[in-house]
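Following: one structure in structure tokens, then a few remarks.
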Amino acid sequence: MARPDYRESGAVFAGGAVGATARAALNTLAQPDPATWPWPTFVVNIVGAFVLGYATTRLLERLPLSSYRRPLLGTGFCGGLTTFSTMQVETLKMLEHGHWLLALAYTATSIVLGLLAVHLATVLVRRVRVRS
């Protein structure tokens with residue numbers, strides 16, 4: 001039976017601690033109000049999508065294989081930084097308070113810009129010339 005690799009778990013934990021701390025720090029800047037755009041959550045989700053696209057493309061296409069980079073950056077940091085569950089709660093609160101257009105705009109914009117951020121990050125990594 002294979003023994004678990006605790007270093008990989010440690011990489012996820014370390015990355016998650018940094019990502020969650022960054023998100024928590026940004027969330028202290030604004031109080032949630034269902035009648036306004038939830039900027040802290042929006043920003044961390046778009047930034048997290050960009051970082052995930054960049055890191056994944058770079059790690060898979062440009063750097064030597066590593067057992068710890070993807071768990072550290074993807075699962076840990078980006079998983080701790082981004083928050084789909086908070087986005088859902090904020091959207092539901094908007095709907096409960098009758099802000100249907102805001103909820104629709106927030107959800108659609110978050111998804112579209114998140115996908116664009118991943119695409120942009122991937123394009124940027126692939127544009128950089130590989131040194132031989």
Side-chain angles (χ1 to χ4, degrees):
M1 186 155 128
R3 293 174 37 135
D5 185 355
Y6 294 109
R7 295 175 295 178
E8 185 174 317
S9 298
V12 171
F13 176 80
V18 173
T21 300
R23 176 172 38 96
L26 190 56
N27 277 339
T28 62
L29 299 177
Q31 294 290 28
D33 177 5
T36 62
W37 194 272
W39 286 105
T41 304
F42 180 76
V43 168
V44 297
N45 285 341
I46 302 306
V47 168
F50 182 86
V51 171
L52 187 59
Y54 182 88
T56 301
T57 305
R58 183 147 170 87
L59 293 174
L60 290 175
E61 296 181 9
R62 299 285 192 238
L63 296 176
L65 287 177
S66 165
S67 302
Y68 310 109
R69 288 183 189 133
R70 281 197 331 188
L72 174 74
L73 295 172
T75 307
F77 179 75
C78 290
L81 178 65
T82 60
T83 174
F84 185 68
S85 58
T86 301
M87 181 187 147
Q88 288 177 324
V89 169
E90 291 166 344
T91 302
L92 287 174
K93 286 183 180 178
M94 289 174 196
L95 293 172
E96 288 171 359
H97 288 87
H99 304 291
W100 294 86
L101 288 177
L102 181 62
L104 177 64
Y106 176 53
T107 301
T109 303
S110 294
I111 292 168
V112 169
L113 288 185
L115 291 171
L116 285 173
V118 170
H119 177 71
L120 176 62
T122 301
V123 168
L124 288 173
V125 169
R126 289 179 176 162
R127 282 192 134 170
V128 174
R129 296 182 81 172
V130 178
R131 295 182 185 150
S132 323

Exercise. For the side-chain contact (heavy atoms from CB on, under 4.5 Å) test, which of Leu60, Thr57, Leu120, Leu59 pairs with Val125?
Worked result: Thr57
For this session: Look up atom CE in Met87 and atom CG in Leu92, then write down how far apart they are to the nearest 0.5 Å.
Result: 10.5 Å
For this session: Fit a plane to each ring of Phe42 and Trp37, take the angle between them on a 0 to 90° scale, and name the class: parallel (under 30°), tilted (30 to 60°) or perpendicular (over 60°).
Result: perpendicular
Problem set entry | Connected via hydrophobic side-chain network under 4.5 Å: Val44 and Tyr106 | yes
Problem set entry | Inter-residue atom distance Arg70.CZ - Glu8.CD, 0.5 Å rounding | 9.5 Å
For this session: Taking the side chain as every heavy atom from C-beta outward, state whether Glu96 and Pro34 have any atom pair closer than 4.5 Å.
Result: no
Problem set entry | Pairwise distance CG(Leu115) to CD1(Ile46) - rounded to 0.5 angstrom | 9.0 Å
Exercise. Side-chain heavy atoms under 4.5 angstrom apart, residues restricted to Ile, Leu, Val, Met, Phe, Trp, Tyr: same cluster for Met94 and Phe84?
Worked result: yes
Exercise. Looking at Cys78 and Gly48, what are the two nearest heavy atoms and their distance?
Worked result: SG-O, 3.7 Å
For this session: Give, for atom CZ of Arg58 and atom CG of Leu73, the distance between the pair rounded to the nearest 0.5 Å.
Result: 11.0 Å
Problem set entry | Option from Thr83, Val43, Val18 for which side-chain contact (heavy atoms from CB on, under 4.5 Å) with Arg23 holds | Thr83
Exercise. Which atom names give the shortest non-hydrogen contact between Ala11 and Tyr68, and what distance separates them?
Worked result: CB-O, 3.8 Å
Seminar exercise, completed: In this structure, NE2 of His99 is separated from CG of Leu104 (nearest 0.5 Å) by 14.5 Å
Problem set entry | Hphob cluster co-occupancy, Leu113 + Leu52, side-chain heavy atoms under 4.5 angstrom | no
For this session: Among Thr82, Thr86, Ile111, find the residue that satisfies the side-chain contact (heavy atoms from CB on, under 4.5 Å) test when tested with Asn45.
Result: Thr82
Exercise. Is a side-chain donor or acceptor of Thr36 paired with a backbone partner of Asp33 at a separation under 3.5 angstrom?
Worked result: yes
Exercise. Would you find more than 12 non-hydrogen atoms of other residues, nucleotides or ligands less than 6.0 Å from Phe13 atom CZ?
Worked result: no
Exercise. Would you say Val112 and Val47 are hydrophobically clustered, going by side-chain heavy atoms of ILVMFWY under 4.5 Å?
Worked result: yes
Problem set entry | Distance in Å, Thr21 OG1 paired with Leu26 CG, rounded so as to fall on 0.5 Å steps | 12.5 Å
Exercise. What's the shortest heavy-atom distance between Gly53 and Val118, and which atoms?
Worked result: CA-CG1, 4.1 Å
